[in-house]
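Residue numbers start from 1 in every chain, and the chains themselves are labelled A, B, ... in the order their sequence lines are given, proteins ahead of strands.
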Amino acid sequence: MKHEALVIGGSAGSFRVIANLLEVLSGYLSIPVFLCLHRLKQVRKGFEETLANISSLTLTEPFDKEKIKAGRIYLAPANYHMLIENKKMIALSIDDPIQYSRPSIDICFASAAEVYKQGSLAILLSGGNQDGTEGIAAVKRLGGYTIVQDPADCEISTMCESAINLTIPDQILTIREIIEFVSLL
Amino acid sequence: MFTITIDETNNIIRVVSQKFGIDLSVMALASLRLKLSQFCKDHHLSTPDSLIVRLLDEPGFIEKFITGIYANSPDMFRDPELWIAVRDQVIPEILLNTVTPQILIPDSVSGEDIYSMAVLLTEAGLDHQIQLTATCINDCIRDEIENKPLPRGRYKNCHDNYKVFNPGSSLDKYFILRDGKYFRNPGMLNMFELKVQAEDHPDIDSRTKLILYRDRMIYLNKDTSRRRIREMLDQSDEGTILIIGIRESVRHLKLIGRIRTISSDLNIYSKAG
């Protein structure tokens with residue numbers, strides 16, 4: 001099955017991996033990338049710019065109802081949930097945090113899974129809570145491809161261990177292997 | 001989390017429309033699904049069918065349902081930099097040309113923006129000079145706004161925001177703590193008029209100089225968002241200020257020539273002539 005969208009979730013300890021992933025995502029990537037990272041709600045500026053400087057692809061924090069374009073990276077804005085409304089549009093939400101998190105990886109992954117079904121590719125990285133567990137399960141249940149960072153390779157393993165306990169992902173990979181996988185997209 | 005699929009959501013939309021004449025298709029689909037899933041979880045409804053059965057069989061359940069579906073939970077003083085701009089720039093500007101202006105907060109679904117504005121006006125000593133009016137779509141929502149307490153967790157977020165807005169003060173004095181929950185102060189509730197009003201009919205008159213419509217459009221589909229904003233602009237006087245949510249966009253609303261940008265960063269606009 002051809003991948004139609006890449007969703008990446010991470011929290012504490014994931015920044016270094018994200019930076020490496022953004023470096024290898026090439027300008028030829030023909031699918032959209034949705035990046036859902038836990039971050040401080042009161043810091044609205046700086047994070048987007050930092051990541052955008054690393055990436056050769058255009059990286060933005062989307063506005064509500066922003067059109068989805070292939071080859072772009074959409075970073076979930078601080079203090080908003082980011083949902084995939086349909087294959088053409090992003091929706092934001094200020095509903096209550098899930099697992100103390102807004103943006104919630106579960107919500108982002110699950111909404112992508114419902115829209116892209118077998119075309120979704122989800123990667124869950126290091127983190128310190130259980131957000132992402134149900135999201136990975138939803139992607140898997142709807143036929144998408146799931147990759148979880150090897151807990152032994154995580155700075156903080158809680159998030160990936162929790163996901164693996166609920167769902168058997170398609171692959172459990174180290175940082176190096178995840179980067180290699182993504183570089184071939 | 002989503003426990004209801006897109007097809008099941010569309011089925012619920014159809015049933016609610018046919019049986020109760022309420023059009024949920026005006027809402028953004030993904031967030032509606034999220035709300036439906038949360039509502040089912042809160043009411044121990046294991047399947048969409050069990051939700052439909054209760055809607056059809058239990059008198060009064062539709063009101064609870066609509067309240068649950070519409071109610072969002074923004075924190076008070078969410079985006080504190082916006083509230084600072086309202087206090088320091090927007091309010092002084094609307095007072096330049098009108099002695100007793102009105103601030104309107106339409107389609108309220110929870111009371112946090114209204115109460116934040118009431119606190120702001122009180123602290124600015126303008127509570128008797130500026131009329132604060134809000135609208136909501138039914139009595140259940142009005143009751144929630146007036147009587148529902150803030151849980152401790154949400155109050156902490158509100159308090160954190162408020163400390164950015166006004167570092168020298170405390171939000172505690174505007175609440176009554178009872179059984180671990182924060183109730184709004186009745187004296188403050190008297191500061192604003194909260195009217196039940198059909199969603200499609202904004203009540204804007206010549207005294208309305210500021211419309212606070214934050215984070216409402218993210219719950220509506222594109223066409224409905226566009227229609228709501230256009231209706232409000234149609235009824236407003238030139239110069240009336242419109243504030244939308246910080247991550248909402250006017251780009252898809254096709255408003256070229258109808259609004260002037262005051263702050264693109266904070267999404268503050270005014271109606272053009």
Using heavy-atom distances under 4.5 Å, tell me whether [X] contacts chain B through its side chain, its backbone, both, or neither.
X         : value
Leu92(A)  : both
Leu142(A) : neither
Asn79(A)  : both

Parallel, tilted or perpendicular, as decided by the 30° and 60° cut-offs, for the rings of Tyr182(B) and Tyr155(B):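 Ring orientation, 0 to 90° scale: parallel.
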Toward chain A, the part of Thr5(B) with a non-hydrogen atom under 4.5 Å: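 Both parts, heavy atoms under 4.5 Å.
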Engaged part of Asn161(B) at the chain A interface, taking heavy atoms whose separation is under 4.5 Å: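 Side chain only.
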Side-chain H-bond candidate by donor/acceptor type, Ser104(A) with Ser101(A), under 3.5 Å: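 No, because no side-chain N or O of Ser104(A) sits under 3.5 Å from a partner of the opposite role on Ser101(A).
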Distance-only polar pair, side chains of Tyr162(B) and Ser116(B), donor-acceptor under 3.5 Å: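 Judged by distance alone, the side chains do not pair up.
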Which of Ala138(A), Ser111(A), Gly135(A), Ala91(A) touches chain B most, by non-hydrogen pairs under 4.5 Å: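 Highest number of heavy-atom pairs under 4.5 Å: Ser111(A).
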Nearest non-hydrogen partners of His38(A) and Ser11(A), listed with the distance: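 Heavy atoms only, the tightest pair is ND1-OG, 2.9 Å.
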Stepwise salt bridge (Lys or Arg N to Asp or Glu O under 4.0 Å) check, Arg33(B) with Glu8(B): CA-CA 9 Å; Arg33(B) 282 183 58 221; Glu8(B) 289 164 344; over 6 Å; no
